[in-house]
2 protein chains.
Amino acid sequence: MKCSTHLEDSEQVDSLRDCASRQVLDRIGDAWSVLIVTQLRAGPLRFTELARKMDGVTPKMLTQTLRGLERDGLVTRTVHAVVPPRVDYELTPLGRSLEGVVDAITAWADSHIGDVLAARGSYDSKASTAKNRS
Amino acid sequence: MKCSTHLEDSEQVDSLRDCASRQVLDRIGDAWSVLIVTQLRAGPLRFTELARKMDGVTPKMLTQTLRGLERDGLVTRTVHAVVPPRVDYELTPLGRSLEGVVDAITAWADSHIGDVLAARGSYDSKASTAKNRS
DNA sequence: CCGCATCCGATGGGATACTG
DNA sequence: CAGTATCCCATCGGATGCGG
């Protein structure tokens with residue numbers, strides 16, 4: 001899964017597909033990207049507004065994640081030359097195109113998280129009884 | 001974003017939704033889960049078959065990821081009492097229900113990875129020229 | 001207000017070697 | 001074959017303090 005930048009071998013298309021998925025997951029798979037995209041769907045927000053809406057995020061991570069999203073063309077960063085400084089973050093069209101993916105994840109999560117939690121509990125209880133047996 | 005196991009306050013439903021998304025992303029957001037699910041769509045595979053199909057994965061990570069997927073009820077692990085040992089991994093119905101999400105991610109990745117890469121390149125070149133200017 | 005710089009502990013994950 | 005155990009390093013991310 002080397003993720004070369006260019007492949008002419010058509011047999012490796014499957015690997016390339018996986019590779020693209022991997023890159024996307026590297027972007028949205030982290031803790032905050034999806035949350036930020038979700039928050040920005042309603043419209044642009046400034047730094048502190050985002051921070052307040054996402055309880056638990058540190059300024060460092062917020063900055064870091066926003067820079068990543070900006071670098072990948074998913075959000076724009078607009079600095080207003082006023083005092084006090086004001087910086088707005090907004091979804092780009094590309095970022096907005098991610099909404100379908102976010103919705104798919106959210107929808108699956110909402111409808112199946114119960115099953116996952118149940119399976120997890122069952123698995124853990126079996127594991128603990130097995131351990132007590134030893 | 002405390003992810004309490006139970007919420008009666010309807011105003012926190014949004015947080016719960018985010019929370020469910022987070023938990024799902026914690027599961028499929030890692031490097032290998034999506035790859036494994038993709039490989040298992042065609043049918044059950046044994047450990048070494050999976051390892052061979054996913055170039056670069058270490059036994060440790062493969063085991064770890066498979067255990068996580070099994071714990072969450074997404075795959076089954078079947079041990080055949082034969083020599084040499086044979087263990088088959090297979091998607092559960094719950095795991096198969098993830099295919100829609102995987103497809104959404106893959107589809108978005110395939111159609112937009114070019115844009116992301118272009119944005120990234122543009123961002124990086126601007127950053128480097130800005131640095132050279134100083 | 002919006003960050004960036006630095007330090008530092010926790011964690012993740014690769015390489016390697018070994019077992020039932 | 002199908003893992004487990006150990007070491008070790010890179011990265012992540014929190015805390016703090018400073019700058020524009």
Side-chain angles (χ1 to χ4, degrees), chain A residues 1-3 22-23 25-36 39-40 44-72 75-90 123 127 130-131 134, chain B residues 1-3 22-23 25-36 39-40 44-71 75-90 123 126-128 130-131 133-134:
Chain A
M1 218 63 66
K2 259 320 176 53
C3 286
R22 274 289 301 278
Q23 294 192 52
L25 283 167
D26 285 344
R27 164 57 50 223
I28 69 167
D30 70 89
W32 306 111
S33 290
V34 169
L35 274 333
I36 291 177
Q39 296 297 338
L40 289 182
L45 287 172
R46 49 194 301 189
F47 189 84
T48 40
E49 290 174 334
L50 267 174
R52 205 172 323 111
K53 282 174 177 290
M54 298 164 48
D55 191 33
V57 71
T58 58
K60 175 184 175 179
M61 288 317 296
L62 190 50
T63 299
Q64 201 172 98
T65 309
L66 284 167
R67 284 294 184 283
L69 294 171
E70 184 193 2
R71 185 168 103 105
D72 288 354
V75 306
T76 55
R77 176 173 179 267
T78 310
V79 182
H80 301 276
V82 297
V83 289
R86 176 193 178 95
V87 181
D88 283 330
Y89 292 93
E90 185 172 12
Y123 184 96
K131 175 177 276 187
S134 67
Chain B
M1 220 64 67
K2 257 324 176 49
C3 286
R22 275 289 301 276
Q23 293 192 51
L25 283 166
D26 285 344
R27 165 57 48 226
I28 68 166
D30 70 89
W32 307 110
S33 290
V34 169
L35 274 331
I36 290 177
Q39 295 298 337
L40 289 181
L45 288 174
R46 47 197 300 188
F47 190 86
T48 38
E49 288 173 335
L50 268 174
R52 205 170 323 110
K53 283 175 177 290
M54 298 163 47
D55 191 31
V57 70
T58 57
K60 175 184 175 180
M61 288 317 296
L62 190 51
T63 300
Q64 203 173 97
T65 309
L66 284 168
R67 286 292 187 283
L69 294 172
E70 184 193 3
R71 185 168 102 104
V75 307
T76 55
R77 176 173 180 269
T78 310
V79 181
H80 302 275
V82 297
V83 289
R86 178 194 179 95
V87 180
D88 282 331
Y89 293 93
E90 185 172 13
Y123 183 96
K126 283 174 191 167
S128 63
K131 175 177 277 187
R133 278 196 155 282
S134 68

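Chain naming here is simple, since letters A, B, ... match the order of the sequence lines and numbering starts at 1 in each. Computed from a prediction, not measured in an experiment: that's the story for all the values here.
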I need the full list of side chain to side chain donor-acceptor pair (under 3.5 Å) pairs touching residues 80-89 of chain B, with sequence neighbours left out, sorted by first then second residue.
B:Arg77-B:Tyr89, B:His80-B:Asp88, B:Arg86-B:Asp88
Any side-chain N or O of [X] less than 4.0 Å from the OP1 or OP2 oxygen of [N]?
{"X": "B:Thr48", "N": "D:dA2", "answer": "yes"}
{"X": "A:Arg77", "N": "C:dC2", "answer": "no"}
{"X": "B:Arg67", "N": "D:dA2", "answer": "no"}
{"X": "A:Arg46", "N": "C:dC2", "answer": "yes"}

Taking side chain as C-beta onward, heavy atoms only, is A:Leu50 less than 4.5 Å from A:Gln39?
yes
So, do A:Leu45 and A:Ile36 sit near enough that their side-chain heavy atoms are less than 4.5 Å apart?
no
So if I take the C1' atoms of five pairs at each end of the helix from C:dC1-D:dG20 to C:dG20-D:dC1 and get each local axis, what angle do the two axes make, rounded to 10 degrees?
50°
Distance-only check: which donor-acceptor pairs under 3.5 Å involve side-chain atoms of residues 61-69 of chain A, not counting sequence neighbours?
residue : atom : partner : partner atom : Å
A:Thr63 : OG1  : A:Pro59 : O            : 3.0
A:Thr65 : OG1  : A:Met61 : O            : 2.7

5'-most contact on DNA chain C (nearest-nucleotide basis), A:Pro84 vs B:Asp30, goes to A:Pro84
Expressed in angstrom and rounded to an integer, what is the separation of [X] atom [atom1] from [N] atom [atom2]?
{"X": "B:Leu66", "N": "D:dC1", "atom1": "CG", "atom2": "C1'", "value": "15 Å"}
{"X": "A:Arg52", "N": "C:dC2", "atom1": "CZ", "atom2": "C1'", "value": "13 Å"}
{"X": "B:Phe47", "N": "C:dT19", "atom1": "CZ", "atom2": "P", "value": "18 Å"}
{"X": "B:Asp26", "N": "D:dC12", "atom1": "CG", "atom2": "C1'", "value": "14 Å"}
{"X": "B:Gln64", "N": "D:dA5", "atom1": "CD", "atom2": "C1'", "value": "13 Å"}
{"X": "B:Tyr89", "N": "D:dA2", "atom1": "OH", "atom2": "P", "value": "8 Å"}
{"X": "B:Leu45", "N": "D:dA2", "atom1": "CG", "atom2": "C1'", "value": "15 Å"}
{"X": "B:Leu62", "N": "C:dG12", "atom1": "CG", "atom2": "C1'", "value": "16 Å"}

Set out, line by line, the N/O atom pairs under 3.5 Å between protein and nucleotides 14-18 of chain D.
residue : atom : partner : partner atom : Å
D:dG14  : OP2  : A:Thr58 : OG1          : 3.2
D:dG14  : N7   : A:Lys60 : NZ           : 3.3
D:dG14  : O6   : A:Lys60 : NZ           : 2.2

Can you tell me how far apart OG1 (B:Thr76) and CD (B:Glu70) are? Round to the nearest 0.5 Å.
8.0 Å
Rounded to the nearest 0.5 Å, what's the gap from CG on A:Asp30 to CG on A:Leu25? Could you check?
10.5 Å
Residue list, side-chain hydrogen bond (donor to acceptor under 3.5 Å, both in side chains) with A:Arg46, at least two apart or on another chain:
none
Applying side-chain hydrogen bond (donor to acceptor under 3.5 Å, both in side chains), can you list everything that pairs with A:Asp26, at least two apart in sequence or on another chain?
none
Specify the closest pair of heavy atoms between A:Asp72 and A:Arg27, including all atoms of both residues, with the distance to one decimal.
OD2-NE, 2.6 Å
